[in-house]
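Read through the structure below, which is laid out as structure tokens, and then see the notes.
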Protein chains: 2
Amino acid sequence: MPESAIRPRKEFGKTIAADITHRLREEIIACALPPGEPLRFDVLRERFGASFTTLREALTALAAEGLVDAQEQRGFRVAPVSRQDLVEVTDARVLIEVELIRRSIERGDDDWEIAVISTLHRLKRIEQRDPEHPLRDPEWKIAHRQFHQALVSACGSATLLAIRAELFDRAERYRHLSANFRPRPRDKAGEHQAIMQAAISRNADLAVQLIEAHIRSTSDNVAKYAGHLLDAE
Amino acid sequence: MPESAIRPRKEFGKTIAADITHRLREEIIACALPPGEPLRFDVLRERFGASFTTLREALTALAAEGLVDAQEQRGFRVAPVSRQDLVEVTDARVLIEVELIRRSIERGDDDWEIAVISTLHRLKRIEQRDPEHPLRDPEWKIAHRQFHQALVSACGSATLLAIRAELFDRAERYRHLSANFRPRPRDKAGEHQAIMQAAISRNADLAVQLIEAHIRSTSDNVAKYAGHLLDAE
DNA sequence: CTAGACCATATTTTCGAAAATCATACCGTT
DNA sequence: AACGGTATGATTTTCGAAAATATGGTCTAG
């Protein structure tokens with residue numbers, strides 16, 4: 001297969017549809033496709049090199065995740081943003097993440113501790129490299145996601161983890177939205193370190209308190225520096 | 001349009017895909033399509049009279065809801081059931097529903113009270129008609145769903161309501177699974193009445209306690225009477 | 001000048017054929 | 001007999017044309 005060796009067509013999944021779902025998700029989260037933007041098939045077809053129906057499948061999946069808004073007979077658009085939605089997402093994240101942290105701290109074994117410690121370690125390494133604009137570094141984004149994922153990974157519920165992951169994605173889009181206007185990243189490194197320590201030392205109450213503050217302060221920052229974008233919709 | 005006047009093709013949505021998504025969801029929840037059943041396109045094509053790609057879109061949407069299991073390159077199947085999944089769904093429902101009941105009781109206005117009272121009234125009316133096998137009566141199912149929906153409808157978060165709705169659907173499938181083996185329905189009418197009264201009188205702690213017991217006892221019944229089906233998978 | 005009907009165009013939605021992939025049975029070799 | 005490779009049929013996945021629907025502009029009647 002000479003062609004696929006040059007530029008593999010399917011990078012993330014076995015099917016083209018799964019691949020495009022993944023790429024579209026990334027672009028929407030990163031606000032490369034801005035909120036509210038109409039997703040016309042002609043444009044998508046050229047950009048992603050797939051047919052109508054394949055794109056349709058991807059958009060349908062993303063609509064179920066809340067990243068795309070399907071308007072029957074009138075196509076799709078990137079899910080709009082709003083203050084209300086930001087509040088709801090933040091709120092839902094706190095409710096669920098707090099519970100999952102508690103369960104993970106209660107049930108986590110050695111592997112869990114190792115995962116928490118090592119993902120934080122990697123995150124800090126990457127931050128040292130370029131501490132200015134972490135959100136623009138794809139590696140930082142992945143490492144950040146993996147650290148937070150590791151924290152709750154021992155909760156024992158795949159169902160709640162899936163819900164948590166969707167909410168995390170939706171929240172990350174808001175972080176990107178405000179990244180261009182935020183003067184300077186606040187001290188996330190310190191917060192992550194404190195959360196890790198509370199978790200590893202099995203201090204559930206403290207970990208929960210820190211996580212909630214972490215989620216809410218991020219959200220507050222978005223509202224503060226991207227407020228004008230939230231009202232415009 | 002003579003043909004569509006005879007048998008309208010799209011009953012639930014403007015698009016055929018949305019319509020089929022709806023119909024497939026109903027059949028899966030009702031276990032007309034049994035858990036684990038392979039969903040082959042030839043069969044679906046004949047049964048629903050739609051083309052490959054339209055069916056694919058519907059299946060993709062249901063996969064995101066957790067009612068269908070997509071196995072890349074090897075098609076779709078009805079999501080399997082298991083003890084573990086039942087426990088997770090029950091558990092997640094309690095976590096979320098309890099919170100939403102609290103918020104609804106705190107925020108609910110007159111319209112909310114009226115909705116709770118009237119949906120329960122309708123439910124009781126239907127139960128009087130045929131108290132034996134409520135789950136086999138489509139009207140009872142709708143009324144039951146609407147009562148529980150009304151209870152949490154004033155919570156103020158569309159995001160959490162959407163998550164709740166998905167979990168409700170997944171739980172309802174388990175109820176259907178055990179319905180054929182359960183000797184007799186327990187006293188749901190009384191439970192619903194008590195929940196309504198606690199909610200209307202703004203007794204949040206009591207309402208929460210009753211709802212949790214309601215959800216857990218339903219789940220326990222499923223495990224008790226459909227246990228053999230859960231282990232077989 | 002406004003409201004409504006009508007046409008032309010743009011866009012989405014649906015379809016079935018064609019390509020890609022998987023599962024199975026068969027065959028030859030060890 | 002066990003194993004590995006290969007051909008065959010079944011099934012999924014993808015494609016672009018065709019149908020259905022929405023959009024926007026023009027004309028006419030009131």
Side-chain angles (χ1 to χ4, degrees), chain A residues 1-25 28 33 36-64 67-80, chain B residues 1-25 28 33 36-64 67-80:
Chain A
M1 299 173 181
E3 189 186 347
S4 72
I6 297 167
R7 195 174 69 85
R9 187 149 181 205
K10 304 170 189 173
E11 293 175 30
F12 300 109
K14 283 185 185 173
T15 66
I16 294 178
D19 190 41
I20 291 186
T21 304
H22 189 278
R23 286 165 58 193
L24 259 172
R25 186 190 293 114
I28 292 172
L33 292 167
E37 177 99 338
L39 295 164
R40 297 235 169 71
F41 285 100
D42 291 345
V43 181
L44 296 177
R45 205 141 153 278
E46 183 155 2
R47 195 204 257 253
F48 291 98
S51 69
F52 296 106
T53 40
T54 305
L55 287 164
R56 193 152 234 286
E57 188 182 329
L59 290 170
T60 302
L62 292 170
L67 290 174
V68 157
D69 184 24
Q71 308 162 285
E72 291 195 343
Q73 301 286 25
R74 296 198 289 131
F76 299 82
R77 59 175 178 166
V78 179
Chain B
M1 299 174 182
E3 189 186 347
S4 72
I6 297 166
R7 196 174 67 86
R9 187 150 180 204
K10 304 169 189 174
E11 294 175 32
F12 300 109
K14 285 184 184 173
T15 65
I16 294 178
D19 189 41
I20 291 185
T21 304
H22 189 278
R23 286 165 58 194
L24 259 171
R25 185 189 294 116
I28 292 172
L33 291 167
E37 176 99 338
L39 295 165
R40 296 236 170 70
F41 284 100
D42 291 344
V43 182
L44 296 177
R45 206 141 153 278
E46 183 156 3
R47 194 203 258 253
F48 291 100
S51 69
F52 297 108
T53 40
T54 304
L55 287 164
R56 192 152 234 284
E57 188 183 329
L59 290 170
T60 302
L62 292 171
L67 290 174
V68 158
D69 184 23
Q71 308 162 286
E72 290 195 342
Q73 302 286 26
R74 296 198 289 130
F76 299 82
R77 58 174 179 166
V78 179

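All heavy atoms count here, side chains included; hydrogens, waters and symmetry mates do not. The chains referred to below are lettered A, B, ... by the order of the sequence lines, with proteins before strands, and numbering in each begins at 1.
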What contact category does [X] fall into here, base, sugar-phosphate, or nothing, at under 4.0 angstrom with non-hydrogen atoms?
| X | result |
| --- | --- |
| A/F76 | sugar-phosphate |
| A/R40 | sugar-phosphate |
| B/I20 | nothing |

To the nearest 0.5 Å, how far apart are [atom1] in [X] and [atom2] in [Y]?
| X | Y | atom1 | atom2 | value |
| --- | --- | --- | --- | --- |
| B/L59 | A/T60 | CG | OG1 | 11.0 Å |
| B/R23 | B/I16 | CZ | CD1 | 10.0 Å |
| B/I20 | B/R56 | CD1 | CZ | 14.5 Å |

Between A/E72 (side chain only) and B/K14 (backbone N and O only), is there a donor and an acceptor less than 3.5 Å apart?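 Yes, because the side chain of A/E72 sits within donor-acceptor range (under 3.5 Å) of the backbone of B/K14.
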Encoded 5' to 3' (Watson-Crick or G-U under 3.5 Å; [ ] crossing; | other strand), DNA chain D becomes ||||||||||||||||||||||||||||||
ask   = So, is A/R56 near the phosphate of C/dT13, with a side-chain N or O under 4.0 Å from OP1 or OP2?
value =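 True: A/R56 side-chain N/O within range (under 4.0 Å) of C/dT13 OP1/OP2.
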Whether A/R74 contacts D/dT23 is assessed here as follows: a side-chain N or O lying under 4.0 Å from the phosphate OP1 or OP2. Is that the case?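 Result: yes.
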Rounding to an integer number of Å, can you tell me how far [X] [atom1] sits from [N] [atom2]?
| X | N | atom1 | atom2 | result |
| --- | --- | --- | --- | --- |
| B/F52 | D/dG16 | CZ | C1' | 16 Å |
| A/K14 | D/dT14 | NZ | P | 13 Å |
| A/Q73 | C/dT12 | CD | P | 11 Å |
| B/L44 | C/dG16 | CG | C1' | 16 Å |
| A/L59 | C/dT12 | CG | P | 10 Å |
| B/F48 | C/dC15 | CZ | P | 14 Å |
| A/L55 | C/dT14 | CG | P | 15 Å |
| A/E72 | D/dA22 | CD | P | 10 Å |

- Query: Is there side-chain contact between B/L33 and B/L24, with at least one heavy-atom pair below 4.5 Å?
  - Reply: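 In contact.
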- prompt: C/dT12, C/dA17, C/dC15: which one has an atom nearest the side-chain heavy atoms of B/T54?
  reply: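 Among C/dT12, C/dA17, C/dC15, the one nearest the side chain of B/T54 is C/dC15.
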Practice problem: On DNA chain D, check which nucleotide each of B/T53 and B/D42 is closest to and give me the residue with the more 5' one. | Solution: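 Its nearest nucleotide being more 5', the pick is B/D42.
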Please tell me which of A/R45 and B/F41 maps to the more 5' nucleotide of DNA chain D, matching each residue to the nucleotide holding its nearest heavy atom.
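Mapping each residue to its closest nucleotide by heavy atoms, the 5'-most match is B/F41.
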Using a 3.5 Å cut-off and no angle test, enumerate the donor-acceptor pairs between side-chain atoms of residues 48-55 of chain A and protein atoms at least two apart in sequence or in another chain.
unit_1, atom_1, unit_2, atom_2, d
A/S51, OG, A/T54, OG1, 3.3

I'd like a table of donor-acceptor pairs (distance under 3.5 Å, sequence neighbours excluded) in which one partner is a side-chain atom from residues 39-47 of chain B, with atom names and distances.
unit_1, atom_1, unit_2, atom_2, d
B/R47, NH1, B/E27, OE1, 2.7
B/R47, NH1, B/E27, OE2, 3.2

